[in-house]
Amino acid sequence: MNAPRFVPPGHHRTLAAFREQLRALDPDSDVDETLLGAAGPLGAPLDVDGRRIGNRFCVHPMEGWDGTTDGRPTERTLRRWTNFGVSGAKLVWGGEAFAVRPDGRANPNQLCLMPDSDLARDGLRALLSALKDAHVHAGSSLDGLVVGLQLTHSGRWSRPLGEKAPRIAVRHPELDRRAGVSGDHAVLSDDELLALVDDYARAALVAQQAGFDFVDVKCCHGYLLHELLGAHARPGPFGGSFENRTRLFRAIVAAIRARAPGLAIGVRLSVIDVPIHEKDAASGVGQPVATDPRLPPLGFGIDTAGRPALDESLRFLRMLRELGIRLVNLTIGSPYTCPHAQRPAAYPPSDGYLPPEDPLLSVIRHLRVTREVKRAVPELAVVGTGYSYLQEWLPYVAQREVRMGHVDFVGLGRSMLSYPELPRDALAGATLDRRRICRTFSDCTTAPRNGLPSGCYPLDPFYRQGADAAALAQLRKESR
Ligand SMILES: Cc1cc2nc3c(=O)[nH]c(=O)nc-3n(C[C@H](O)[C@H](O)[C@H](O)COP(=O)(O)O)c2cc1C
Ligand code: SF4
């Protein structure tokens with residue numbers, strides 16, 4: 001298998017050249033030729049859940065593997081949230097994944113709720129106030145700023161003390177192998193799942209007390225609630241039928257509403273999936289892992305033949321609408337099984353593989369599925385994902401997608417690490433600073449995969465000149 005040849009967007013000198021590549025891959029995709037800044041679609045406010053969100057940029061949740069081991073923020077965490085505030089984006093989705101209980105952390109340095117809620121509340125207050133102070137200091141008012149906290153349980157990817165400590169909802173041959181599940185490893189019991197309802201409600205209350213506008217009940221990227229949505233093979237009240245697989249989610253929503261009345265709820269959803277990929281030993285390119293077609297569907301948003309499938313996701317999204325949830329953030333797959341689809345990149349992280357398709361096609365997959373959702377359930381306020389790979393041309397695609405009503409908010413992940421002021425500059429009509437545009441080198445993923453804090457090591461001087469840079473450079477060399 002050979003790696004496909006592709007031209008990264010930043011290599012194009014002109015918008016016209018980039019546009020030609022984009023439209024050759026997808027005639028439905030296009031760019032706006034003239035950027036309108038704050039006076040255009042990206043600067044238009046949108047009212048959601050009784051709150052005005054001041055513009056159409058959204059900061060995606062971006063964790064840093066840099067909290068204390070009792071779940072509180074450090075100076076690095078505060079710096080990241082400060083940058084989120086500086087960005088000028090008016091929707092901040094989650095800040096980062098916050099584990100609702102210590103054993104649900106994906107790493108020992110993830111923010112989390114300990115039995116003593118005061119610790120977490122104080123930490124969250126500090127993060128929120130750093131973000132808001134920076135927002136104001138950078139010249140924006142707090143009007144129209146809406147900030148949520150992403151609540152998570154890492155499920156099969158839990159590593160609260162560093163070693164794998166999977167908590168699984170259902171058995172899965174390939175995922176079990178990857179997560180270190182073998183033999184008669186216990187699946188979380190119905191009672192253990194039910195006990196989580198209180199953890200989520202308690203975490204939501206702490207978020208509300210700390211001043212957050214909403215919580216995201218995270219259902220994406222292979223973590224527990226996402227796994228449960230695809231638990232076709234699980235017996236009992238939380239597996240099998242759609243009704244059963246969404247039961248815990250609905251119980252959590254009801255409990256949050258009862259415990260933290262007035263707190264808005266959002267959902268980040270892996271809306272479709274692609275087959276699990278692995279690195280081809282000879283070429284280094286990602287290739288799908290064959291699964292047994294006789295097994296029941298293994299996942300959510302994917303059919304038995306391994307094709308992305310939107311039918312159940314639309315059912316879930318309509319259910320959200322009926323539950324009075326409007327804010328949704330759409331993503332794809334999981335960083336553990338299909339990083340190329342989840343966060344399109346020209347260069348893979350150390351545990352990844354060379355892209356099996358032009359990463360621009362992976363971006364287009366995000367744009368297409370988001371358009372389909374917005375068309376099918378227009379009442380939802382939809383955040384889209386996958387924009388960072390667009391580099392110089394990000395605002396041109398973003399403005400068009402919002403102008404056409406294909407998406408409500410343009411979500412930015414890695415760009416917020418390398419160039420937090422990007423939304424502010426785009427809204428001001430300024431030329432983007434090319435030296436700071438994320439080139440998808442994936443060091444921000446390679447670092448935490450190897451026990452280092454995340455950050456933009458190539459482009460952010462704080463990390464480039466920091467103590468961990470030499471270790472990261474060595475890792476990069478070895479992985480190539
Ligand atoms: C370092 C890093 C940390 C991330 N942390 C989270 C997280 O805490 N929660 C989450 O839902 N997604 C997380 N993501 C995924 C991003 O939110 C986003 O979906 C992904 O990077 C694709 O968007 P982009 O192309 O703009 O980077 C993370 C991604 C990276 C690279
Ligand atoms: S390390 Fe920096 S340039 Fe590389 S993907 Fe992450 S944010 Fe982008």
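Note: hydrogens, waters and symmetry copies are ignored here, and every other heavy atom, side chains too, is used. Indexing begins at 1, ligand by ligand and atom by atom, following the structure's order.
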Can you label the angle between the His340 ring and the His277 ring as parallel, tilted or perpendicular, going by 30° and 60°? tilted
Ring-plane angle category for Trp393 and Tyr396, please: parallel below 30°, perpendicular beyond 60°, tilted otherwise. tilted
Would you please test Ser415 and Leu394 for side chain to side chain contact (heavy atoms under 4.5 Å, CB included) and show each step? CA-CA 10 Å; Ser415 319; Leu394 188 161; 4.0 Å; yes
The residue among His60, Gln150, Lys218 that forms side chain to side chain donor-acceptor pair (under 3.5 Å) with Asn329 is His60
Do [X] and [Y] make a side-chain contact, defined as non-hydrogen atoms from C-beta onward lying under 4.5 Å apart?
X	Y	result
Asn450	Leu472	no
Leu175	Trp157	yes
Met416	Phe84	yes

With heavy atoms of [X] as the reference, note each atom of ligand 1 found under 4.0 Å away.
X	result
Thr385	19 (O), 22 (C), 23 (O)
Ala97	8 (O)
Thr445	31 (C)
Lys218	9 (N), 10 (C), 11 (O)
Gln150	7 (C), 8 (O), 9 (N), 10 (C), 11 (O)
Cys444	1 (C), 31 (C)
His60	17 (O)
Gln342	15 (C), 19 (O), 22 (C)

Stepwise, does the salt bridge (Lys or Arg N to Asp or Glu O under 4.0 Å) test hold for Arg371 with Asp26? CA-CA 13 Å; Arg371 286 177 205 148; Asp26 177 26; 3.6 Å; yes
Derivation and outcome, side-chain hydrogen bond (donor to acceptor under 3.5 Å, both in side chains), residues Thr246 and Arg315: CA-CA 11 Å; Thr246 56; Arg315 192 171 167 194; over 6 Å; no
Should [X] be counted as touching ligand 1, given the test is an N or O pair under 3.5 Å?
X	value
Pro61	yes
Cys220	no
Arg414	yes

When rounded to the nearest 0.5 angstrom, what is the spacing between CD1 in Ile276 and NE2 in His172? 4.0 Å
Is the closest basic N to carboxylate O distance between Asp425 and Arg436 below 4.0 Å? no
Is a donor on one side and an acceptor on the other found under 3.5 Å between the side chain of Arg424 and the backbone of Val86? yes
Can you name the atoms of ligand 2, numbered from 1 with element, that are less than 4.0 Å from a heavy atom of Arg439? 3 (S)
Atom 18 (C) of ligand 1: which of Gln110, His221, Arg268 has the nearest heavy atom? Arg268
Of the listed options Glu63, Met416, Arg343, closest to atom 28 (C) of ligand 1 (non-hydrogen atoms): Arg343
Atom 6 (Fe) of ligand 2: protein N, O or S atoms that are less than 2.8 Å away, sorted by chain: Cys444 SG
Short version for Tyr223: what comes under 4.0 Å of ligand 1, heavy atoms counted, is neither
Side-chain H-bond candidate by donor/acceptor type, Ser454 with Glu63, under 3.5 Å: no
Closest to atom 16 (C) of ligand 1 among protein heavy atoms sits Met62 SD, 3.6 Å
Give me the residue, atom name and distance of the protein heavy atom closest to atom 26 (O) of ligand 1. Ser388 OG, 2.6 Å
Can you tell me if Ser454 has a non-hydrogen atom under 4.0 Å from ligand 1? yes
For Arg167, salt bridge (charged side-chain N to carboxylate O under 4.0 Å, His left out) partners two or more places apart: Glu192
Please confirm whether the ring centroid of Tyr223 lies under 6.0 Å from the ring centroid of Tyr336. yes
